[in-house]
There are 2 protein chains.
Amino acid sequence: MNLKNQVEWALHCCAVMMALPEGVYLPAKVLAEFHGVPKEYLSKALQALSQHGIVIGTLGPSGGYRLARAPDQISFLDIVEAVEGKRSTFRCEEIRGNNPCVPRRHRAGKPCTVARIMWKADEAWRESLRGVSLTDLAAQLAEDVPDDVLAKSRAWLLERA
Amino acid sequence: MNLKNQVEWALHCCAVMMALPEGVYLPAKVLAEFHGVPKEYLSKALQALSQHGIVIGTLGPSGGYRLARAPDQISFLDIVEAVEGKRSTFRCEEIRGNNPCVPRRHRAGKPCTVARIMWKADEAWRESLRGVSLTDLAAQLAEDVPDDVLAKSRAWLLERA
DNA sequence: GCGGAAGTACTCGGATACCCACTGTCCGAGTAGGGAGGG
DNA sequence: CCCTCCCTACTCGGACAGTGGGTATCCGAGTACTTCCGC
């Protein structure tokens with residue numbers, strides 16, 4: 001079981017979009033070149049973000065994407081769920097109903113016990129992602145990435161925005 | 001992104017194996033019939049459990065599977081990781097290295113910032129599963145499942161063990 | 001010189017092929033139990 | 001009657017095809033800038 005690599009791309013794209021001044025858009029082409037990934041496919045991830053109101057896309061020359069909200073209003077969970085969907089990673093197929101000792105038309109009141117435990121773990125995962133915003137990411141990046149790389153990257157991006 | 005349905009099957013199989021007396025083995029065929037799933041494919045999940053020391057398989061007539069440890073020594077995480085693997089659900093492909101502003105041979109000290117956050121969430125998921133043992137499941141099942149169904153199921157299984 | 005309109009080039013967005021992993025199935029290796037035969 | 005040996009039948013274990021979602025790609029719809037023309 002793996003998350004799709006679009007998740008990684010989407011997160012990194014949101015990270016760099018934080019560096020954009022107000023009213024400036026960054027084309028998918030530039031984002032793709034910056035991260036070294038196929039442009040056409042990356043645009044699908046950006047589309048997903050756009051459809052969920054996390055980024056805004058604009059057409060025409062000087063078009064592209066920018067964040068739709070302030071970075072502290074966008075959590076990792078928003079981005080991950082936009083790409084991966086809100087469904088739990090665990091699907092309960094109700095195999096307990098196949099038990100030959102259970103009457104055929106038995107209506108279970110509660111969901112399957114096993115499923116409840118798995119869903120709780122899934123919720124713990126989501127809760128962890130919900131607690132990290134893009135602002136938190138920016139603070140961490142400021143520590144991890146050397147200042148000159150950060151500055152050069154920002155210049156490189158603005159040059160092509 | 002979905003967990004494979006073998007995870008669900010493995011969990012339910014471990015649940016019913018708790019009902020077995022000491023020294024009794026339950027064939028994959030019976031487990032498959034009980035849960036209404038294809039026997040040949042279910043055996044793959046049981047093989048995974050066997051290879052990770054969670055259950056023990058025996059050949060020949062009256063052979064089958066039984067739990068390898070006491071139920072309170074087997075956590076949901078053990079079972080899930082046996083089937084799904086221990087790898088994090090998030091794969092970091094180090095696309096930050098493709099940044100044209102980073103010197104080619106740059107050795108990053110820390111892992112990617114984004115990856116660290118995703119891995120932390122993954123660890124939260126695992127921690128939640130680590131905290132639930134088969135004993136806990138049994139206690140919950142005793143509340144959820146009517147007593148007569150529980151008794152009939154146990155009898156049905158022992159009849160074929 | 002200035003305003004407006006048409007043309008152009010660039011963008012996003014959805015529709016279309018390819019491929020790997022999960023799903024499902026099969027057959028062979030190995031063993032434990034049962035039965036037959038001999039003591 | 002009991003022990004031993006052999007045979008059978010049942011089990012697990014690994015190797016073999018089919019299919020759906022993820023991956024990758026293409027082309028069309030739409031817009032903002034630019035340029036040209038008329039006033």
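Convention: sequence-line order gives letters A, B, ...; per-chain numbering from 1.
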Between D:dC12, D:dC33, D:dT31, which nucleotide gets closest to the side-chain atoms of A:Ser62? D:dC33

Would the distance check show the side chain of B:Gln140 and the main-chain N or O of A:Thr113 forming a donor-acceptor pair, the cut-off being under 3.5 Å? no

So CG of B:Leu20 and CZ of B:Arg66: to nearest 0.5 Å the spacing works out to 9.5 Å

Under 4.0 Å between a side-chain N or O of A:Ser50 and OP1 or OP2 of C:dG13? yes

Whole angstrom is fine here: how far is it from CD1 in B:Ile56 over to P in D:dT11? 19 Å

What nucleotide, of D:dA24, D:dC12, C:dG24, holds the atom closest to the side chain of B:Pro27? D:dC12

How about CZ on A:Arg69, more than 12 heavy atoms from neighbouring residues, nucleotides or ligands closer than 6.0 Å, or not? yes

Looking only at D:dA9, D:dC33, D:dC12, the nucleotide nearest the A:Pro61 side chain is D:dC33

B:Asn5 side chain N/O closer than 4.0 Å to the phosphate oxygens (OP1, OP2) of C:dT23? yes

Using a strict threshold of under 4.0 Å (side-chain N to carboxylate O), is an ion pair present between A:Arg130 and A:Glu123? yes

Which residue lies toward the 5' end of DNA chain D, B:Ser43 or B:Lys29, if each is placed at its nearest nucleotide? B:Lys29

Return the OG to CE distance between A:Ser128 and B:Met118, rounded to the nearest 0.5 Å. 9.0 Å

B:Tyr41 vs C:dT25: side-chain N/O to OP1/OP2 distance below 4.0 Å: no

Of A:Val30 and A:Arg91, the one whose closest DNA chain C nucleotide lies more 5': A:Val30

Nearest listed nucleotide, side chain of A:Lys4, among C:dA15, D:dG22, C:dT23: D:dG22

Selection from C:dC12, C:dT23, D:dC12 that lies nearest to any side-chain heavy atom of B:Lys44: C:dT23

What nucleic acid atoms does A:Glu84 come within less than 4.0 Å of, heavy atoms only: base, sugar-phosphate, or nothing? nothing

Is A:Gln47 close enough to C:dG14 that one of its side-chain N or O atoms is under 4.0 Å from OP1 or OP2 there? yes

Regarding B:Tyr65, tell me which of base, sugar-phosphate or nothing describes its non-hydrogen contacts under 4.0 Å with the strands shown. sugar-phosphate

Looking at C:dG14, I'd like to know if its phosphate oxygens (OP1 or OP2) sit under 4.0 Å from a side-chain N or O belonging to A:Gln51. yes

